[in-house]
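Working notes for the structure below.
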Protein chains: 2
Amino acid sequence: MTRSEENYLKTIFHLGGGRDASITTNAIAEQMETKPSSVTDMARKLAEKGLLHYKKYQGVSLTDLGTKKALSIIRKHRLWEVFLVEKLDFTWDEVHEVAEQLEHIKSEKLIDKLDELLDFPKYDPHGDPIPTKDGKFMERDKKLLSEMPISASGVCVGVKDSSVPFLKFLDKNKIALGNTIKVLEKEDFDQSLRIQMEGKDFRISHQIASNLYVKTE
Amino acid sequence: MTRSEENYLKTIFHLGGGRDASITTNAIAEQMETKPSSVTDMARKLAEKGLLHYKKYQGVSLTDLGTKKALSIIRKHRLWEVFLVEKLDFTWDEVHEVAEQLEHIKSEKLIDKLDELLDFPKYDPHGDPIPTKDGKFMERDKKLLSEMPISASGVCVGVKDSSVPFLKFLDKNKIALGNTIKVLEKEDFDQSLRIQMEGKDFRISHQIASNLYVKTE
DNA sequence: AATTAAATTTAGACAAATCTAAAAATTGAT
DNA sequence: ATCAATTTTTAGATTTGTCTAAATTTAATT
């Protein structure tokens with residue numbers, strides 16, 4: 001599989017192209033910052049190879065084989081992200097770009113050994129689950145911080161928005177995975193929250209709270 | 001720089017294209033398992049970019065910039081090899097192929113941090129020196145085992161032939177970098193050696209002895 | 001110095017992945 | 001159910017890196 005083919009499969013998976021949910025040419029093109037006509041060409045090619053279901057004008061979905069390949073790439077991407085953060089002290093916002101390159105390295109032994117080095121992590125630095133070798137993974141039971149009731153507390157386990165600006169914001173404010181957060185007060189007026197985290201009191205906007213995932217036991 | 005361009009620079013460097021030693025189109029083609037006509041095309045392109053000196057029919061050599069780029073790729077390759085052996089338990093013969101892929105990952109921070117994680121190694125698993133960030137490196141003072149006099153001893157620091165079959169042979173016979181080797185006897189008839197290594201006595205052929213580097217203090 | 005052999009370059013073609021512009025199919029609004 | 005708007009596909013072109021076959025240059029031999 002070429003790098004480009006792998007990127008298409010990954011993108012289609014992320015757009016929900018598993019099961020049979022048909023993904024449109026346009027959606028893929030937009031996500032990948034390419035043109036719909038290029039997507040059509042690639043859809044043909046990947047269908048030819050048995051990785052996609054594709055009927056003209058009907059959109060695209062992953063076959064079982066395609067899903068398997070997509071998960072394998074996502075597994076690699078997320079393991080490399082853990083490596084970058086845990087072993088090389090990268091910050092949240094720095095890992096994605098490099099992992100985009102590393103995910104295409106071809107060596108089964110490499111990824112197995114990397115998994116072992118990292119002690120078989122289940123989640124990546126954004127809190128997203130890492131598929132196992134045989135393509136299984138568990139979405140964590142989590143909810144948005146903005147949906148927690150007053151006085152409830154939980155552990156920060158992930159982000160909804162993983163854009164660089166948001167991740168940088170979190171870094172700057174020392175909001176990190178694993179931190180325990182308690183909701184002290186909710187402001188009706190602007191839905192901002194007062195929270196306690198690592199001993200300190202914070203006020204955070206609704207926009208932040210609705211992009212942070214928390215695990216509530 | 002594309003992956004292909006990087007591979008050309010690396011190959012030309014390895015063929016001795018530094019200084020002004022002119023490397024022939026054919027030599028490059030043979031080394032890279034491609035055709036001379038393809039090399040000509042690329043030579044033009046790289047000369048255009050200021051990375052090579054190239055005059056039609058006169059062969060090719062690296063410019064200062066080209067040398068710098070080549071060394072940067074070699075640095076990455078060798079650091080990744082150390083990583084694979086030290087952190088992921090790869091054997092000598094397994095590292096090259098994967099490092100060929102990893103050397104093209106683009107991230108300065110990645111390679112700096114990797115260097116740090118590995119504790120700034122000076123030599124790769126084959127005993128070859130790792131260029132520093134600014135392109136300096138020291139060839140180690142070493143000699144071939146076959147050139148050592150009787151009763152001299154030294155530490156195994158590298159291989160001349162780094163083909164997979166040879167490296168596998170060394171692995172199988174527990175001949176590893178860092179081992180201390182003493183020459184006990186040289187057989188005039190076939191130039192085989194009797195050596196002492198890690199407590200045990202061995203007999204090794206001239207072919208082996210003439211592909212193992214030893215450091216003699 | 002001429003001729004042959006070898007190395008190198010040129011010319012033209014191809015595959016992969018992309019693009020633009022035009023054509024075709026689908027959607028959805030009335 | 002029709003027609004306009006939108007989406008998708010087709011057709012043809014482009015770029016990168018490669019190839020083959022033919023032409024050219026250099027090197028070697030006599």
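Residue numbers start from 1 in every chain, and the chains themselves are labelled A, B, ... in the order their sequence lines are given, proteins ahead of strands.
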Separation of C/dA16 atom C1' from A/M42 atom CE, nearest Å, is 8 Å
Would you kindly give the NZ-to-C1' distance between A/K35 and D/dT10, to the nearest whole Å? 17 Å
Using the ring-ring contact (aromatic ring centres under 6.0 Å, His included) rule, collect all pairs that involve residues 41-95 of chain B, keeping only residues at least two apart or in two chains. A/F83-B/F83, B/H77-B/H96, B/W80-B/F83
5'-most contact on DNA chain C (nearest-nucleotide basis), A/Y8 vs A/Q58, goes to A/Y8
Nearest listed nucleotide, side chain of A/K56, among D/dT10, C/dT18, C/dT10: D/dT10
Specify the separation, in whole Å, of atom CG of B/N26 and atom P of C/dT9. 9 Å
Side-chain donor-acceptor pair under 3.5 Å between A/D93 and A/T91, yes or no? yes
Check every atom of C/dA25, D/dT10, D/dT18 against the side chain of B/S38 and return the nucleotide holding the closest atom. D/dT18
Which pair of heavy atoms, one from B/V82 and one from B/D124, lies closest together, and at what distance? CG2-CA, 3.8 Å
Of all heavy-atom pairs between B/T63 and B/G50, which one has the smallest distance, and what is that distance? OG1-O, 2.8 Å
Separation of C/dT8 atom C1' from B/D41 atom CG, nearest Å, is 12 Å
Let me know the distance between CD of A/E48 and C1' of C/dA16, rounded to the nearest Å. 15 Å
What is the separation between atom CD on A/E6 and atom P on C/dA16, rounded to the nearest whole Å? 16 Å
Hey, does the side chain of B/T34 come within less than 4.0 Å of D/dC19's phosphate (OP1/OP2), counting only N and O? yes
Ranking C/dT18, C/dT9, D/dT9 by distance to the side chain of B/S37, first place goes to C/dT9
Side chain of B/T25, heavy atoms from C-beta onward: which of C/dT9, D/dT9, D/dT18 has the nearest atom to it? C/dT9
Please test B/S192 against B/D190 for side-chain hydrogen bond (donor to acceptor under 3.5 Å, both in side chains), starting from the C-alpha separation and ending with a verdict. CA-CA 5 Å; B/S192 69; B/D190 64 352; 2.9 Å; yes
Nearest-Å distance, CZ (A/R3) to C1' (D/dT16)? 15 Å
Any idea which of D/dT8, C/dT8, D/dT18 is nearest the A/Y57 side chain? D/dT8
Is the phosphate of D/dT10 approached by A/T40 (side-chain N or O, under 4.0 Å from OP1 or OP2)? no
Here the distance between atom C1' of C/dT10 and atom CZ of B/R44, to the nearest Å, is 8 Å
